Amino acid sequence: MDARLDFFGNALGAKVLKHINSAGRAASDSDLPHATQELVKIRASQINGCGFCTDMHTKDAAHAGETAQRLHLVAAWREATVFTEAERAALELAEQGTRIADAAGGVTHEAWADAARHYDEDQLVALVSLIAVINTYNRINVINQQPAGDYRPGQFG
């Protein structure tokens, strides 16, 4: 399968991605735990059916030391016992933030309060920003039918 566009090789596409990357870098350079960041990106990518991002973030997480068991259970995190309460709160926020169109009220007060119990204001800003950025990447890649499977950890620097 080939992508519809060479988004990475197109001058305008590269410019757009540069700005999205800058936003993502600001959030990922925060003190929100790296493992939580990857779990959130994986879960949003699974929900959105973005094979490219799911491939990338599961490989990046494994490369950073995440266990295969936790990676295999991200899609079923509610039933899994391998995630901390803070990670579970982040995953719930990621799911509700990703499924905004599915819920008339968007993110519930309960999901927000649970996340706020585990993360300080800067971490919440990072978490919300990561959810927004990964959803942006998911949409670009799904619309473009970006093929998945060939990503190598660190490929994009």
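This structure is a prediction, so every number in the text was calculated from the model and none was measured.
Checking side-chain atoms of N144 against main-chain N and O of Q146 turns up no donor-acceptor pair under 3.5 Å. Checking side-chain atoms of N135 against main-chain N and O of I131 turns up a donor-acceptor pair under 3.5 Å. Judged by distance alone, the side chain of N138 and the main-chain N or O of C50 form no donor-acceptor pair under 3.5 Å. In this structure, the side chain of Y119 does not engage the main chain of V125 through any donor-acceptor pair within 3.5 Å. Checked by atom type and distance alone, the side chain of E95 never pairs as donor or acceptor with a backbone atom of A44 at under 3.5 Å. S28 contributes a side-chain N or O that, together with a main-chain N or O of R25, makes up a donor-acceptor pair within less than 3.5 Å. Between the D55 side chain and the Y151 main chain, a donor and an acceptor come within less than 3.5 Å of each other.
Taking each heavy atom of L71 and A62 in turn, the nearest pair found is CD1-CB, 3.8 Å. In terms of heavy atoms, R70 sits closest to V82 at NH1-O, 2.7 Å. A pairwise comparison of heavy atoms in G154 and D60 identifies N-OD1, 3.8 Å as the closest pair. Q37 approaches L32 most closely through the heavy-atom pair NE2-O, 2.8 Å.
Heavy-atom neighbours of D2 CG from other residues, nucleotides or ligands within 6.0 Å: at or below the threshold of 12. The neighbour count for H109 NE2, taken as heavy atoms of other residues, nucleotides or ligands under 6.0 Å away, does not exceed 12. In this structure, D31 places its CG atom where more than 12 heavy-atom neighbours from other residues, nucleotides or ligands lie under 6.0 Å away. Within a 6.0 Å radius of CD in Q155, other residues, nucleotides and ligands contribute more than 12 heavy atoms.
Residue V40 is grouped with residue L124 when hydrophobic side chains (ILVMFWY) are merged at heavy-atom distances under 4.5 angstrom, including chains of intermediate members. No path of Ile, Leu, Val, Met, Phe, Trp and Tyr side chains, each step under 4.5 Å between heavy atoms, connects I143 with V133, placing them in separate hydrophobic clusters. Linking ILVMFWY side-chain heavy atoms closer than 4.5 Å, directly or via other members, places L130 and I42 in two distinct hydrophobic clusters. Two different hydrophobic clusters hold I100 and V128 under the rule that ILVMFWY side chains link at heavy-atom gaps under 4.5 Å.
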Determine whether I20 and I140 satisfy the following criterion, side chain to side chain contact (heavy atoms under 4.5 Å, CB included), listing intermediate values before the conclusion. CA-CA 11 Å; I20 299 168; I140 288 171; 3.6 Å; yes

As a quick check of understanding, evaluate side chain to side chain contact (heavy atoms under 4.5 Å, CB included) for V142 and F52, giving each step before the final call. CA-CA 8 Å; V142 169; F52 186 83; over 6 Å; no

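For the 3.5 Å distance criterion, the side chains of Q123 and S30 fail to qualify, holding no donor opposite an acceptor.
Sorted by first then second residue, the side chain to side chain donor-acceptor pair (under 3.5 Å) pairs that include residues 4-14, not counting sequence neighbours, number zero.
The structure places CG of N141 at 10.5 Å from CG of N48, a figure rounded to the nearest 0.5 Å. Taken to the nearest 0.5 Å, the CZ atom of R43 stands 13.5 Å off from the CG atom of L93. From L12, atom CG reaches atom CZ of F7 across 7.0 Å, with rounding to the nearest 0.5 Å.
Under 4.0 Å is where a charged nitrogen must lie from a carboxylate oxygen, and between E38 and K59 no such pair does. A salt bridge does not link R117 to E85: none of the charged nitrogens lies less than 4.0 Å from a carboxylate oxygen.
Here the side chains of S45 and I134 are in contact, with some heavy-atom distance below 4.5 Å. Residues Q96 and W112 have side chains not in contact (no heavy-atom distance under 4.5 Å, counting atoms from C-beta outward). Contact check for K41 versus M56: no side-chain heavy atoms found under the 4.5 Å cut-off. Within the 4.5 Å cutoff, the side chain of H118 has no heavy atoms near those of the R88 side chain. Looking at L39 and W77, their side chains never come closer than 4.5 Å, going by heavy atoms from C-beta outward.
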